[in-house]
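Below, chain A is the first sequence line, B the second, and so on; all start at residue 1. Here the structure is a predicted model, which means the values were calculated and not measured.
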Protein chains: 2
Amino acid sequence: MKKSRNTRQRTVILDILRQTRSHPSAETIYQEARKSLPSISLGTVYRNLGFLREQKMVKEIRANEEAGSRFEAALPPHAHFHCGLCSAIHDIPLPDALYDFGWERSEFVSSVTDLELHVIGACADCSPSSTQN
Amino acid sequence: MKKSRNTRQRTVILDILRQTRSHPSAETIYQEARKSLPSISLGTVYRNLGFLREQKMVKEIRANEEAGSRFEAALPPHAHFHCGLCSAIHDIPLPDALYDFGWERSEFVSSVTDLELHVIGACADCSPSSTQN
DNA sequence: GTAATTGCAAAAGATTTGCCCCATT
DNA sequence: AATGGGGCAAATCTTTTGCAATTAC
């Protein structure tokens, strides 16, 4: 394992991700980090997100139809719900059955290491009809 | 519905996607298209991919850990298997159960329009062990 | 003829990288 | 003090866009 240092920048970035469920973009994390470290640079944010991703402490999410990536602190397996209207991403349960589905039955598949499920639709906030009036 | 013309460029691009299962990138489609239309430009490829995506004739796939998008001609619903070693993408079955899972039970989810499942792992070609020596 | 579409090149956006300085260990 | 990491800016990469010329209808 490679040596690493606990810099304030790295700590702040990881804390931001651990304290939110908003799946922020690198730019959003940067803006948030500037509140406590005004001189942090966007490059540092990217470098740390890359590092933390390698350490499996952070996950990168490539949202449907969106330009950049979004990030979240590592959590137990879950799926993502993407609202096509407001672009919000919410964590939702990942059906256990997907793990035992037997993907290896497909001729191309030798082994499976990860599953990513994106459910796209409209979120409650964007569909006011759900709760009457 | 908006007017559109059947240009040779558009036809060639759609044909390329319909004749392959390799989920090519825009750049790859461009290189392939140049074989029959040497003067086609990359911008035209992007513009047509965008148009065909709006018409739901083409789907854009944002692969895990990869820079750009990849594309495929519209087909019945299926999932994608991504080989983490060679970056190949293969079509695999999408469990029917995912449609009836009842996503709307999640408080954030109002309605669902699409599902995207990515299974990540090693493909048969990259794991020679499967078929001995 | 007319308007959609192309080719080209410039622009935009997101992410990465080189370099030199600074701070953690 | 050694060196991993930061800041800054330039570089890359992918995708988009403005515009004049072209072409499908």
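- Side-chain contact check for A/Thr20 versus A/Pro24: some heavy-atom pair is nearer than 4.5 Å.
- Here the P atom of nucleotide C/dA14 and the CD1 atom of A/Ile61 are 17 Å apart, to the nearest Å.
- Between A/Cys83 and A/Cys126 the shortest heavy-atom distance is SG-SG, 3.7 Å.
- Each of B/Thr44 and A/Thr44 lies near DNA chain D, and the nucleotide nearest A/Thr44 is the one positioned closer to the 5' end.
- For the pair A/Ser106 (side chain) and A/Phe108 (backbone), a donor-acceptor distance under 3.5 Å is absent.
- In this structure, CD1 of A/Ile40 is placed 17 Å from C1' of C/dC21, rounded to the nearest angstrom.
- Counting to the nearest Å, the P atom of C/dT6 and the OH atom of B/Tyr30 are 14 Å from each other.
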Just the table, please: protein N/O against nucleotides 18-25 of chain D N/O, every pair under 3.5 Å.
{"from": "D/dG18", "atom 1": "O6", "to": "B/Arg47", "atom 2": "NH1", "distance (Å)": "3.2"}
{"from": "D/dT23", "atom 1": "O2", "to": "B/Arg5", "atom 2": "NH1", "distance (Å)": "3.1"}
{"from": "D/dA24", "atom 1": "N3", "to": "B/Arg5", "atom 2": "NH1", "distance (Å)": "3.1"}
{"from": "D/dA24", "atom 1": "N3", "to": "B/Arg5", "atom 2": "NH2", "distance (Å)": "3.4"}
{"from": "D/dC25", "atom 1": "OP1", "to": "B/Asn6", "atom 2": "N", "distance (Å)": "3.1"}

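- Taking the charged nitrogens against the carboxylate oxygens, A/Arg70 and A/Glu66 do have a contact shorter than 4.0 Å, which makes a salt bridge.
- Shown here for A/Leu94 and A/Leu98, the closest heavy-atom pair between the two residues is CD1-CD1, 3.7 Å.
- Formation of a donor-acceptor pair under 3.5 Å by the B/Arg105 side chain with backbone atoms of B/Gly102 is found in this model.
- Nucleotide D/dT16 holds its P atom 15 Å from the CZ atom of B/Phe51, rounded to whole Å.
- With respect to B/Asp114 and B/Lys59, a salt bridge is recorded, a charged nitrogen being found less than 4.0 Å from a carboxylate O.
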(request) Spell out protein contact along nucleotides 10-15 of chain D as letters: B when the base is contacted, S when just the sugar-phosphate is, - when no protein heavy atom is under 4.0 Å; keep the 5' to 3' order. (result) ----SB

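- C/dA4 atom C1' lies 14 Å from atom CG of B/Leu52, rounded to whole Å.
- As a whole-Å value, the separation of B/Leu49 CG from D/dT17 P is 15 Å.
- Aromatic ring centres of B/His23 and B/His90 lie farther apart than the 6.0 Å criterion allows.
- Within the nucleic acid shown, B/Ser25 has no heavy atom closer than 4.0 Å to any nucleic acid atom.
- Going from atom CZ of B/Arg10 over to atom C1' of C/dT6 covers 11 Å, rounded to whole Å.
- A/Leu37 has its CG atom 15 Å from the C1' atom of C/dT24, to the nearest Å.
- When A/His80, A/Arg21, A/Glu60, A/Arg18 are each tested for a side chain to side chain contact (heavy atoms under 4.5 Å, CB included) with A/Glu72, only one passes: A/His80.
- For the pair A/Ser41 and D/dG6, the criterion of a side-chain N or O lying under 4.0 Å from OP1 or OP2 is not met.
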